Visitor: 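The structure is given below, and queries will be raised subsequently.
Computed from a predicted model, the values in this text were never measured in an experiment.
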Amino acid sequence: MSLPEGKILDEAEDQEIKDHGGVEPRTIAGRAALALAENLVQAKVDFVRCWFPWKYFEPFPVSESSLDRLADQSYSLWPMDDLVNTLTSKGVDVVPVVACGYQRMLPQGLEPDPNRALYLKRVSIHTRLLVRHWKSKIKCWQIENEPNWWAEHEAGGWRSGLSWIHEHGFRQELLQTLNNAVHAEDSGAITVTNLEADAKTLDPGTYSSYCDVLGLDFYPNYKSANPINIGVLKLGDEVSRGIGKPVMVSETGYPSGPSLLGYSPDRQAEYVEGASREAYALDGVTGIGIWRYVDTSWRSFPPQENHFGLFDNRGTPKPAWTAYSRVIKELK
């Protein structure tokens, strides 16, 4: 018997969902958010740290003459609503990275040069609008990304403009502006600033005054697959004692490939489990984020950048996801 492909079964499934009080999301983004939430709940993950690219809300910079009006009103579109609403309704917190100055995330053509004061005004308005919109659902916000590594980001083509290299106080002004913007809209919110912790010059005290929690990013095996090194996470405890504030491991990970460089899915699983246990044992470390949930569908350089996901880019779980899910349940 010939039937229209998928139609009858889809309608039956929709009816079953409705009978149980649920509603099937109508968009691809909605279904993806629901699938993500269900995976995370099953694994007992507490939070997701993710990018909120500025250009999603403002593809082109709002004209300078319209900024004050924008600050008093709102964006017309909120493209992250599906993600935020779905995750938080399932008990999974969202920690957005806001106002990151990566060129691929900014409104088209926007950069701090040549008018840093105007950039600071824009970044404050953008951040305040986001916090105002989601303050009932989101309580922790990461402001910018790896400010101790901006010059390297610019050299790698991730950022554009001399402000990221010859900052002359811009770094402090930007972080202070962002911290103030979050707390102006929600005095009870928590701010995080994360640092590239493998850097020789960490200087956590300089950055801890611009946030409530200091984040550290560790990739000890980025350049060499062996030996697997989780001992570096102990730095989080040392930093916490030194600054008198909690520390979280904002990012850490180990790639599952390429095998030519000595990486493998089993070694990735070993690192993820070991890093999770190590972070849990450290009194000064309040949380850990594994980079990343799924491999990207595009190709990056160096090649290990394409293999950090706990799932491959077809959505198939790697051994690291199984290990991660198991160790979370054991530690909780």
Side-chain angles (χ1 to χ4, degrees), residues 32 35-36 39-40 43 45-53 83 87 92 94-97 100 102 104-105 142 145-146 149 152-153 156-159 192 194-199 215-233 235-236 248-280 285 287-328:
L36 170 64
N39 268 351
L40 299 176
V45 169
D46 287 328
F47 70 92
V48 169
R49 172 186 170 272
C50 53
W51 306 106
F52 274 26
L83 180 70
L87 290 180
V92 180
V94 178
V95 180
V97 182
C100 178
Y102 288 177
R104 69 179 186 272
M105 298 186 186
Q142 182 182 307
N145 188 63
E146 297 183 343
W149 212 238
E152 286 74 11
H153 293 170
W158 296 358
R159 297 177 186 264
V192 179
N194 66 322
L195 304 178
E196 208 292 322
D198 300 313
L216 299 177
D217 298 350
F218 294 98
Y219 293 97
N221 289 98
Y222 193 89
K223 296 180 179 178
S224 176
N226 291 299
I228 293 175
N229 181 8
I230 61 170
V232 293
L233 271 67
L235 179 62
M248 70 178 291
V249 178
S250 292
E251 295 178 24
T252 193
Y254 184 105
S256 60
S259 58
L260 184 64
L261 298 180
Y263 300 106
S264 72
D266 288 339
R267 288 195 181 102
Q268 182 190 38
E270 181 182 345
Y271 180 86
V272 167
E273 177 169 351
S276 299
R277 293 188 185 279
E278 179 76 359
Y280 185 82
V285 175
I288 181 171
I290 300 297
W291 181 264
R292 54 185 291 157
Y293 181 70
V294 64
D295 287 339
T296 57
S297 55
W298 62 88
R299 311 310 290 170
S300 299
F301 182 84
Q304 55 265 45
E305 281 282 348
N306 305 299
H307 301 278
F308 274 98
L310 300 174
F311 289 73
D312 66 23
N313 58 20
R314 297 180 299 278
T316 304
K318 302 178 187 178
W321 175 251
T322 303
Y324 188 46
S325 304
R326 174 174 47 76
V327 76
I328 290 174

Visitor: To the nearest 0.5 Å, how far apart are OG in Ser276 and CD1 in Ile290?
Guide: 4.5 Å
Visitor: Of all heavy-atom pairs between Gly236 and Phe218, which one has the smallest distance, and what is that distance?
Guide: N-CZ, 4.4 Å
Visitor: With side chains defined as the heavy atoms from C-beta onward, is the minimum distance between Gln268 and Pro319 less than 4.5 Å?
Guide: no
Visitor: Taking it one step at a time, do Asn194 and Val97 satisfy side chain to side chain contact (heavy atoms under 4.5 Å, CB included)?
Guide: CA-CA 10 Å; Asn194 66 322; Val97 182; over 6 Å; no
Visitor: Just how far is it from atom NZ of Lys318 to atom CG of Asp266, taken to the nearest 0.5 Å?
Guide: 12.0 Å
Visitor: Look up atom OH in Tyr271 and atom CG in Asn229, then write down how far apart they are to the nearest 0.5 Å.
Guide: 7.5 Å
Visitor: Does any part of the side chain of Val285, heavy atoms only, come nearer than 4.5 Å to the side chain of Glu278, both counted from C-beta?
Guide: no
Visitor: Is it true that Asp295 and Asn306 share a donor-acceptor pair across their side chains at a distance under 3.5 Å?
Guide: no
Visitor: Would you please name every residue forming a side-chain contact (heavy atoms from CB on, under 4.5 Å) with Ala32, sequence neighbours left out?
Guide: none
Visitor: If I take atom NE2 from residue His307 and atom OG from residue Ser264, how far apart are they, to the nearest 0.5 angstrom?
Guide: 12.0 Å
Visitor: Measure up the Tyr254 and Tyr263 rings against each other and bin them: parallel (under 30°), tilted (30 to 60°), perpendicular (over 60°).
Guide: perpendicular
Visitor: Using every non-hydrogen atom in the two residues, find where Ala320 and Leu310 come nearest and quote the distance to one decimal.
Guide: CB-CD2, 3.7 Å
Visitor: Can you confirm whether Glu251 sits close enough to Asn145 that some side-chain heavy atom of one is under 4.5 Å from a side-chain heavy atom of the other?
Guide: yes
Visitor: Angle between ring planes, Tyr102 versus His153, binned at 30° and 60°: parallel, tilted or perpendicular?
Guide: perpendicular
Visitor: Any idea which heavy atoms bring Ala197 and Leu216 closest together, and the distance?
Guide: CB-CB, 3.9 Å
Visitor: To check you understand the geometry: which heavy-atom pair defines the closest contact between Gln142 and Val95, and what is its length?
Guide: N-CG1, 4.3 Å
Visitor: Kindly indicate whether the side chain of Trp158, heavy atoms from C-beta on, has any atom under 4.5 Å from the side chain of Glu152.
Guide: no
Visitor: Are any of the side-chain heavy atoms of Cys100 and Arg159 separated by less than 4.5 Å?
Guide: yes
Visitor: Is the backbone of Ala199 close enough, under 3.5 Å, to the side chain of Glu196 for a donor and an acceptor to pair up by distance?
Guide: yes
Visitor: Can you check whether Cys50 reaches Leu83 side chain to side chain, under 4.5 Å on heavy atoms?
Guide: yes
Visitor: Would you mind reporting whether Tyr293 and Val45 have side-chain heavy atoms less than 4.5 Å apart?
Guide: no
Visitor: Please name the pair of heavy atoms, one in Gly215 and one in Ser250, separated by the smallest distance, quoted to 0.1 Å.
Guide: CA-OG, 3.3 Å
Visitor: Just do the side chain to side chain contact (heavy atoms under 4.5 Å, CB included) check on Asn39 and Phe311 with the steps written out, would you?
Guide: CA-CA 11 Å; Asn39 268 351; Phe311 289 73; 3.7 Å; yes
Visitor: Would you please name every residue forming a side-chain contact (heavy atoms from CB on, under 4.5 Å) with Tyr222, sequence neighbours left out?
Guide: Tyr219, Pro302, Gln304, Glu305, Phe308
Visitor: To the nearest 0.5 angstrom, please state how far the CG atom of Asp198 sits from the OG1 atom of Thr252.
Guide: 8.0 Å
Visitor: Output the distance between atom CG (Asn313) and atom CZ (Arg299), rounded to the nearest 0.5 Å.
Guide: 6.5 Å
Visitor: Check Ile230 against Gly274 and note the closest heavy-atom contact, atom names and distance.
Guide: CD1-O, 3.5 Å
